[in-house]
K.L.:
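Here it is, the structure, as structure tokens.
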Amino acid sequence: MRTPIIAGNWKMYKTLGEARELVAGLLAGLGEGAACEVVVCPPYTALASVGEQVANTPISLGAQDVFFEAQGAFTGAIAPQMLCDVGCRYVIVGHSERRQYFGDTDATVNRKLHAALANGLRPIMCVGESKPQRDAGEAEAIVTAQVRAGLADVTAAQMAEVVIAYEPIWAIGTGDTATSADAQAMHAAIRATLVEIFGAETAQTVRIQYGGSVKPDNVDELMAQPDIDGALVGGAALKADSFLRIIQFQ
Ligand code: PGA
């Protein structure tokens, strides 16, 4: 009953020409459509152009971050309405790289999530533990606390628009994927937290993506887990053939 959602997080890769070439390859490979929802998240500079390219296609457009203010003297920042303006349907908030390098906290992630929702954007909220936290046995406590803080003051009705991405930091860009059993265990813990906050009915409808070195050769096993409803893909989303294979998971 949950439509799987596979999103490509291109991070700081792709010039305009490269972005358009990748999307052309994806559109050619997708043909009529896909069995899941497909999202690409190019860098800001390529959003408007890719937005035109994917209009009325099976691919949705997403951004990699957003600021929570509507407008103003915030040099370098991008407002939710600006993302809507170029065709974005989704926006990633709280990616671990934003938390690590750009000072995002659970509190600012929560503000970004509310700003996205208020403007009709669907947030993909990332959570995940570091290696030392996992080794200390704190992973579940850390991740469920991030879920609670990031979703503060969100209503059950709004949760229909929210996607959660579980991305263990030690698995991002390392080739070191969580085992499907470990990923499933954390997804189940996240869903149990959603049951506590929003009730069972809402929790069953929320899509939880796994992210962290998702590749053509591990996507099938991950997607076979009952609480894994999609993937947030970095490196393997930068080439059409590998991202297409991930979209076409078995
Ligand atoms: P990766 O990145 O697939 O390259 O590990 C995932 C992410 O950071 O979203």
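Start at 1 and go down the list; that is how both ligands and their atoms are numbered. Index from 1, following the sequence.
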K.L.:
For ligand 1, which atoms have a heavy atom of His95 less than 4.0 angstrom away?
P.N.:
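Every atom of ligand 1 under 4.0 Å from some heavy atom of His95: 7 (C), 8 (O), 9 (O).
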K.L.:
Should you measure from each heavy atom of Gly173, which atoms of ligand 1 turn up under 4.0 Å away?
P.N.:
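Within the 4.0 Å cut-off of Gly173, ligand 1 contributes 1 (P), 4 (O), 5 (O).
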K.L.:
Measure the distance from atom 3 (O) of ligand 1 to every protein heavy atom, then report the residue, atom name and distance (to 0.1 Å) of the closest one.
P.N.:
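Ranked first by proximity to atom 3 (O) of ligand 1 is Gly234 N, 2.8 Å.
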K.L.:
Taking only heavy atoms of Asn9, which atoms of ligand 1 are found under 4.0 Å from at least one of them?
P.N.:
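So the atoms of ligand 1 that pass are 9 (O).
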K.L.:
Considering only the protein, which heavy-atom contact is closest to atom 7 (C) of ligand 1, and what is its distance?
P.N.:
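Sorting protein heavy atoms by distance from atom 7 (C) of ligand 1 puts Glu167 OE2, 3.1 Å first.
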K.L.:
Contact between ligand 1 and Ala236 is defined here as a heavy atom of the residue under 4.0 Å from a ligand atom; is it met?
P.N.:
no
K.L.:
What atoms in ligand 1 come closer than 4.0 Å to a heavy atom of Gly212?
P.N.:
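Counting from 1, the qualifying ligand atoms are 5 (O).
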K.L.:
Roughly how far, to the nearest 0.5 Å, is CD of Glu138 from CD of Glu129?
P.N.:
10.0 Å
K.L.:
Do His95 and Glu167 have side-chain atoms, one donor and one acceptor, less than 3.5 Å apart?
P.N.:
yes
K.L.:
Below 4.0 Å from ligand 1: does a non-hydrogen atom of Lys11 turn up there or not?
P.N.:
yes
K.L.:
Which ligand 1 atoms, with their elements, are less than 4.0 angstrom from a heavy-atom of Leu232?
P.N.:
6 (C), 9 (O)
K.L.:
Looking at ligand 1, would Ala171 count as a contact under a 4.0 Å heavy-atom criterion?
P.N.:
yes
K.L.:
Given Ile59 and Val50, is the side chain to side chain contact (heavy atoms under 4.5 Å, CB included) satisfied, shown in steps?
P.N.:
CA-CA 10 Å; Ile59 299 180; Val50 169; over 6 Å; no
K.L.:
Between Arg148 and Thr193, do the side chains contain an N or O donor and an N or O acceptor separated by less than 3.5 Å?
P.N.:
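Side-chain D/A pair, Arg148 to Thr193: absent.
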K.L.:
For Gly235, take its heavy atoms, then give the atoms of ligand 1 lying under 4.0 Å from any of them.
P.N.:
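Near Gly235, meaning under 4.0 Å from one of its heavy atoms, ligand 1 has 1 (P), 3 (O), 4 (O).
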K.L.:
Need the ligand 1 atom indices (1-based, order shown) with element for anything under 4.0 Å from a heavy-atom of Ser213.
P.N.:
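Selected atoms, number and element: 1 (P), 3 (O), 5 (O).
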K.L.:
In terms of the angle between their ring planes, are His187 and Tyr210 parallel, tilted or perpendicular, with boundaries placed at 30° and 60°?
P.N.:
tilted
